[in-house]
Amino acid sequence: MHYRAFWFSIASMLLAAAALPAAPTRPNILYIMADDHGYQALSCYGSKIIQTPNLDRLAKEGMRFDNCFCTNSICGPSRAVILTGKYSHLNGFLDNSNCVFDGSQPNVAKYLQAAGYQTAMIGKWHLVSDPTGFDYWNILPGQGAYYDPVLIEMGKRKKHEGYVTDIITDLTLDFLEKKRDPAKPFFVMYHHKAPHRNWQPGPKYKNLFDEVEIPEPETFNDDYAGRGAAARAQKMRMEDLEVPGDTKIAPPPGLEGAALKKWKYQRFIKDYLRCVASVDENVGRVLNYLDRTGLAKNTLVFYASDQGFYLGEHGWFDKRFMYEESLRMPLLVRWPGHVKPGSTSGDFAMNLDFAATFLDCAGLPVPADMQGRSLAPLLEGRTPADWRKSIYYRYYEFPGPHNVHKQFGVRNDRYKLICFNELNEWELYDLQKDPRELHSVYDDPDYKDVLGLMKAELQRLKDQYRDDDGVTGSRKKTSPAVKPQMQF
Ligand code: CA
């Protein structure tokens with residue numbers, strides 16, 4: 001049924017496409033993603049510490065989204081959302097620990113492929129099952145290695161010598177130069193492993209920042225006093241960085257307490273930023289290739305991370321929480337002739353929207369069961385009157401690495417309500433008065449009305465996105481994704 005519905009929808013799309021005039025101008029789509037690249041670590045988002053001139057080019061020549069959020073701040077689940085345009089509870093990939101992505105379900109690559117695109121997926125995949133919907137794929141197994149990584153090319157494992165960020169770029173350029181079918185537009189997902197833990201820099205940047213001390217963020221010494229149990233129970237403090245796995249070297253003898261924490265932060269943040277420097281350089285190589293070949297003018301380029309990341313804020317590394325640093329994603333989009341150079345958008349975008357956007361920009365209909373919405377109007381500088389004013393978030397991976405409790409919640413432009421469902425605890429933040437989210441006002445009687453409105457909005461979003469399973473835990477490995485409802 002599932003398959004038949006999919007092919008029926010493809011047939012409908014082809015009919016729709018056939019009704020259009022010949023469309024030689026269908027754009028190529030290059031989706032570039034880094035892993036765990038926090039917006040704080042891009043100069044176009046205001047970093048004073050690292051320079052990312054190549055990524056900044058995308059902002060200068062395109063649009064920077066200042067309010068792009070993920071639905072579930074963790075690697076595999078975010079990737080599954082990006083591919084399917086559906087929340088985790090519908091695409092079935094709830095967490096990294098228990099799930100296998102059900103590759104038989106529709107995804108954006110299948111829709112584009114069926115409409116005549118040549119599709120490729122190169123780099124970090126992290127969805128356990130093999131990619132589907134791609135004419136060519138060459139992926140890291142699991143997290144992959146920084147040095148001399150093995151990659152799996154269409155099912156065949158091969159070891160590559162060198163640094164992973166350079167290699168994934170070489171393979172992407174090789175696809176564009178030698179494997180591309182010039183008669184078709186392309187859809188390429190070019191996914192970096194960096195700057196994921198354990199942050200091994202490439203040879204070229206291993207001494208970057210050697211002579212400087214990176215400033216600690218304002219909330220570096222957060223004591224979690226203004227929040228509930230979850231913020232205290234996590235294991236992602238600087239103190240939790242492993243020696244020597246994360247720090248690479250042992251601390252000086254006798255170093256402890258606050259001094260050891262500071263030392264660990266410097267070790268972590270410098271290696272993290274060095275990894276980002278390689279990503280930036282390599283994205284520049286691909287942008288230069290697009291320029292040199294003339295492809296740039298008809299190519300929609302996205303740059304995003306799978307989620308945000310803590311760079312010492314709250315004393316943390318890692319992600320998972322619905323707090324701002326890990327909820328928010330960097331998103332840069334360049335599309336010559338459609339997106340005004342140097343523009344910004346403050347409207348609420350989500351990783352949920354990417355699949356719909358690719359289809360819409362390719363002139364294809366957005367399947368009715370996709371939950372995201374095309375960002376194309378925002379890219380063209382128009383905000384539809386009924387554009388979303390709030391976003392829904394849900395995280396499932398507990399128990400799990402870093403001990404971050406299950407949670408779901410809603411954020412609008414002023415407030416954020418989070419429910420830690422298994423703790424039976426709630427937090428409410430006034431983001432205008434408390435942008436660092438240090439003091440929950442959930443019990444403050446002054447916020448009684450706000451709380452009522454936010455709870456109602458949370459329920460409205462749960463209904464809208466059909467997350468109606470109450471507060472149950474993760475579905476286990478063998479369970480298939482919820483059947484898609486194709487409506488054409
Ligand atoms: Ca990630």
Side-chain angles (χ1 to χ4, degrees), residues 31-42 45 55 68-84 87-88 91 93-101 121-128 131 139-146 149 164-165 168 189-200 234-236 240-241 246 268-269 271-276 278-280 282-283 302-313 316-332 350-352 354 393-398 400-404 407:
Y31 178 72
I32 312 172
M33 185 156 70
D35 192 340
D36 292 359
H37 189 184
Y39 60 89
Q40 315 95 305
L42 286 104
Y45 277 96
L55 297 171
C68 181
F69 303 107
C70 60
T71 64
N72 182 353
S73 183
I74 178 100
C75 302
S78 176
R79 287 151 204 269
V81 168
I82 288 164
L83 279 170
T84 61
Y87 270 88
S88 308
N91 69 45
F93 203 93
L94 300 176
D95 63 50
N96 283 340
S97 306
N98 301 302
C99 298
V100 176
F101 183 68
M121 161 66 226
I122 298 159
K124 184 167 171 182
W125 171 248
H126 207 210
L127 288 171
V128 192
I139 59 171
L140 292 168
Q143 296 283 4
Y146 270 106
V164 71
T165 306
I168 290 170
M189 302 188 92
Y190 156 47
H191 290 188
H192 285 293
K193 165 188 173 58
H196 192 279
R197 193 183 186 189
N198 65 351
W199 315 293
Q200 294 178 31
Q234 49 60 42
K235 295 198 184 335
M236 46 194 255
D240 297 311
L241 287 169
D246 293 320
F268 148 66
I269 193 68
D271 276 349
Y272 179 96
L273 295 174
R274 290 162 180 152
C275 289
V276 170
S278 282
V279 170
D280 181 72
N282 277 284
V283 169
F302 263 59
Y303 181 85
S305 168
D306 53 352
Q307 11 64 211
F309 207 73
Y310 297 93
L311 300 181
E313 296 89 355
W316 295 342
F317 63 96
D318 212 67
K319 54 252 180 183
R320 301 161 195 274
F321 278 103
M322 200 189 161
Y323 304 132
E324 289 296 279
E325 292 84 354
S326 46
L327 178 66
R328 192 184 288 271
M329 306 162 68
L331 175 61
L332 307 170
M350 301 182 80
N351 58 348
L352 189 67
F354 296 178
Y393 179 86
R394 184 157 185 185
Y395 170 80
Y396 299 84
E397 194 169 273
F398 185 88
H402 302 292
N403 211 46
V404 174
Q407 57 198 276

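No experiment lies behind these values; they were computed from the predicted model shown. What's counted below: heavy atoms across the whole structure, side chains too, no hydrogens, waters or symmetry copies. Atoms within a ligand are numbered from 1 in the order they appear, just like the ligands themselves.
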Task: Name, closest N/O/S atom of Asp35 to the Ca ion (ligand 1) - done: OD1
Task: Atom nearest to the Ca ion (ligand 1) - Asp306, N, O or S atoms considered - done: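 The Asp306 atom nearest to the Ca ion (ligand 1), restricting to N, O or S, is OD2.
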Open item on the list: Just by distance, no angles: are the side chains of Ser78 and Gln307 close enough, under 3.5 Å, to form a donor-acceptor pair?
Closed with: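 Gln307 and Ser78 do not have a side-chain donor-acceptor pair below 3.5 Å.
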TODO: State whether Gln307 contributes an N/O/S atom found under 3.0 Å from the Ca ion (ligand 1).
DONE: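 Yes, Gln307 qualifies, because one of its backbone or side-chain N, O or S atoms lies under 3.0 Å.
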Task: Phe302-Phe354 aromatic ring centre distance below 6.0 Å - done: yes
Task: Centroid-centroid under 6.0 Å between Trp199 and Tyr146 rings - done: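 No, the ring centres sit 6.0 Å or more apart.
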- [ ] To the nearest 10 degrees, calculate the angle at the Ca ion (ligand 1) involving SG of Cys75 and OD1 of Asp36.
- [x]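 Rounded to 10°, it measures 120°.
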TODO: Determine the interplanar angle of the Phe268 and Phe317 rings, folded into 0 to 90°, and report it as parallel if under 30°, tilted if 30 to 60°, perpendicular if over 60°.
DONE: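 Answer is tilted, since the angle falls between 30° and 60°.
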